[in-house]
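Inspection log for the structure reproduced underneath, given as C-alpha cells.
Naming convention: chains lettered A, B, ... in sequence-line order (proteins, then strands); numbering from 1 in each chain.
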Amino acid sequence: MSEEIKALNFIEHIIEEDLANGLPKEKLRFRFPPEPNGYLHIGHTKAIGISFGLGEKYNAPVNLRFDDTNPAKEEQEYVDAIKKDIAWLGYKWENELYSSDYFQKLYDWAVLMIKDGKAYVDSQSSEVMAEQKGTPTQVGTNSPYRDRSVEENLELFEGMKAGKFPAGTHLLRAKIDMEDPNMLMRDPIMYRIMYAHHHRTGDDWCIYPMYDWTHGESDYLEQISHSLCSLEFKPHRKLYDWFKDNVYEYSKENYPLAPKQLEFARLNLSYTIMSKRKLLRLVEEGVVSGWDDPRMPTISGLRRRGYTPNSIRKFIEKVGVAKRENVIDVSLLEFCIREDLNKTANRVMAVLDPVKVVITNYPKDKEEWLEAENNQEDDSAGFRKVPFSREIYIEREDFKEEAGNKFFRLKLGGEVRLKNAYIIKANEVRKDQNGDILEIQCTYDEDTSKKVKGTLHWVSVKHAITAEIREYDRLFNDEAPDSHGEKDFMEFINPNSLTVKTGYLEPSLAEAKVGEQFQFQRLGYFNVDDDSTPEKLVFNKTVGLRDSWSKQKPKPQNNQNQNKPNPQQQKRSAISVIQQFGKKYTKFPEEKQLKAKAEIQVLAKDVSYDDLEPLFGTAVKKAGTRIVVLIALKELLKNGLEKNEAITEFIEKAKEDKNDILVAEASDI
RNA sequence: UGGCCUAUGGUGUAACUGGCUAACACAUCGGUUUUUGGUACCGAAGAGUCUAGGUUCGAAACCUAGUAGGCCAACCA
C-alpha cells in the first residue's frame, strides 16, 4: 500500500489530535445545519463539502439538521429545495433532523437554569435593553429585572410559554456578565415570545429559542463531535461553550460527549454575490428569471446551467479550507466543469453564427452520411452519422478573405479541413450590396489524408435543425460587487449577461433531452434547458472551451475588465526593479550576477537617495537586497552624492557580513 | 476606546512537531502532439512568507512591538 501523504487542513489536524488524545473514532459525528429560509448557493457548498467530506473521510455519520427556530422566516418549500440540492450533490445524511424537535428538551433545560439562577425573565423594551447592552468599547449595565427571585422567574417563564403575555413583553435571558468584552456574553436572550405558526410544530409553541441557545444544545443532543461553521460565528464560541458547560452538568450521563465548535473562512467567488438577501433582490427585481436562473450562483442555478455535482465537489475540494478571507477566481470553477465534461460530454457540431459555404464541385442532389466519433476521451461513447451535402454552414468568424498565416481557418485560396468530412478550398466570395458575405464558394477534395492546419465544424444547410441558444456572461462587471460600501451592488450589473440566438445544429440533436450535455465542437459545453420542448429546443451554454486563439487577437470591447492593468506591474519604479533583483541576486550564477549588476547601475540613475535610504535598514539575512542597494549606492556616490553617517554605517556593516559578495562590493568603495 | 480572528506568487491552499532549492492547483507565457486553436504531454516565469526587532547552529513556523484587513452592539441564523 502506497501511503499518500495528503496535506491535512486545520480542521483535520484538530480532529487527528483529538483522536490521538483518546477520542474514539466511532464518536466522530458531524452535521450541516441550514436555516430553511432560502435556497442554497455555492457558498453553502463549501460548508456542505467540509462536513460531509469529513463524514466520508472518517466514515462518520453526518446529520442534516434544519435550524428552524424562527417561524417568521422559514418555510417547507425551502426544506424541500435544500434536501433536493444536497442529494443532487451526491451527499447522504445519516438523519434528517430539526431543531424544533428539541423545543421541549430545551425548555426543560431552561427551567433548570432558572432554578440555578443562571437565567432570568426580563420585561423591558428592546430599545432600553439595547442601551443597557453598551457598545464594543463600552461595558453594559444590568437590567433592573436581573435579580428577580427564582420563583418569580419560573412563574413568568411558565406564563410566557402558556401564552399569557403579548409578544415583546417578556424575554428569558441568560445571566452571564454585562461587562464582558464579548457583546454576546452580555446576558444574551434565550427565548422570545412569538405568536407565529411554525412549519412543523404548528401552534404548539409561542416562545421560540434563539440561535445561540438552540444551536449548541442541538449539537450536544445529537452528540456532534465537531461542529463546523463559518468565521463570523467565532465570537459566538464563548457563549456556545458557556451554554454547553451548563447543560452538560444536567445531562452528562445521557449525553457524555461535549461538542466542539470550529470556524473556517467562508467562500467568496469573484464577480459574484453570495448573500441570500441580495440574491433575493435579483429575483424580485427581475434581473434574473428566478432562483434557478442559470446565471445565479445558487445550486439550482448551477445545475440548470449545466454544472455537474462532480464538478462542484471537485471545486470545493480544490478551494481548500483555512481561516483567512479569500476570493476564489471563477476560472477555477470553470476549470472544474470543463475537466468533468471533457470526459463525459458527447461531441456534436453546431453553428451559432452561420455563413453559407457552397461546394461547387459536389453534386447538387448528393448527400452522404459520414461517420463521426462521439467522444475521443471515452472509448465507449461510439459513433454517429452526420449528413454532408453541397451547401453547409460554417461559423462566420472562421472565414476571412485575407489573413496572415497565423489564421488557421478558411481564407480565399486556402484549404481547411471540415471535421469528420473533406478538405475544402475557398475560391470566391459572393456579397450583397452592403458588402456582407452571402456565400463562400469552395471546392472539395476527397483526399482527407492531406495535412492542413485548421479544422472547422460545420452543418449541412439542408439537414440542420434550429434551436434557441442562450449564452451567459457574468452577472456583474465588478470583481467584488458587494464590497463597495457607498455603492449599491446593483450598480455593477452586467447588462449583457444573457444573449439569445438561433443556432443550426446537426440533426442528431433533435432527440436531445432536458438536462443532456454536449460539447459543441470548438465552441463549448451546452446543455438542454428546462424550457426545452421537442418542438423548440433550448440550449444553455455552460462554459466555453479554453480558447488560446481569441486571446491573441485584441478584443474590441469586453465587459469583463480583463484588461485591467496589474497595479503592481504598472508602476514599476527603478527602485522596485532593483529590489526585485535583490531578492534573487545571491541565487544567480556569476554570469547573471554581472548582468544584473550592470542593469542596476543603469537603473541607479533614476533612483534618489531618498529611495535608497530606507533600505539601509534591511534585515541582515537579506543579503541580496543589501548587495543590490550597495551597488546602486555606489553609482550615486560616483555621480556626486555626498557620503553621510548613514551611508558610512551601511557600508561598514556590509564589510563585516558573512556574505562574500556583499563584503567584496563593500570593500570596493 | 475594547475583544476576537487573519496575513505565504495574480488567485487559492500546503510545508507533518523549527531543518534540503518554500510545494501543489488555477490563471499567465512558450513548446510537442492533435481531424476541436479543445484534450494530453513537456517547459518557463512568478513568493526570501506584512514590517521591525528578538530567540536559535538554523525561523514562513516561536517571542515582542507595530501595520493592514475582517468579525462583534437583530426579540435573525
According to a strict under-4.0 Å criterion, is [X] in side-chain N/O contact with OP1 or OP2 of [N]?
| X | N | answer |
| --- | --- | --- |
| Lys323(A) | U6(B) | yes |
| Ser548(A) | G38(B) | yes |
| His457(A) | G37(B) | no |
| Arg347(A) | G38(B) | no |
| Arg522(A) | G37(B) | yes |

What's the closest nucleotide to the Thr135(A) side chain, out of A73(B), A14(B), G3(B)? A73(B)

In sequence, state the C-alpha distance, the side-chain angles, and the governing distance for Arg237(A) and Glu263(A), and then conclude on salt bridge (Lys or Arg N to Asp or Glu O under 4.0 Å). CA-CA 9 Å; Arg237(A) 179 137 132 205; Glu263(A) 310 85 7; 2.9 Å; yes

Any strand is fair game: report the nucleotide pairing with [N] by Watson-Crick or G-U wobble, both distances under 3.5 Å, or none.
| N | value |
| --- | --- |
| U51(B) | A65(B) |
| U13(B) | A23(B) |
| C41(B) | G31(B) |

Touch class at under 4.0 angstrom, heavy-atom based, for [X] against every strand present:
| X | value |
| --- | --- |
| His13(A) | sugar-phosphate |
| Glu17(A) | nothing |
| Phe335(A) | sugar-phosphate |
| Arg546(A) | sugar-phosphate |
| Ala322(A) | sugar-phosphate |
| Glu325(A) | sugar-phosphate |
| Ser126(A) | base |

Heavy-atom donor-acceptor pair, Gln376(A) side-chain to U39(B) base, under 3.5 Å: no

Quick one: the side chain of Arg409(A) and the base of G37(B), do they pair up donor-acceptor inside 3.5 Å? yes

Does a side-chain N-to-carboxylate-O contact under 4.0 Å join [X] and [Y]?
| X | Y | result |
| --- | --- | --- |
| Glu339(A) | Lys314(A) | yes |
| Glu506(A) | Arg384(A) | yes |
| Glu74(A) | Arg200(A) | no |

Atom-to-atom span, CZ of Arg266(A) to C1' of G69(B) - whole angstrom: 16 Å

Would one find more than 12 heavy atoms of other residues, nucleotides or ligands at under 6.0 Å from atom NZ of Lys276(A)? yes

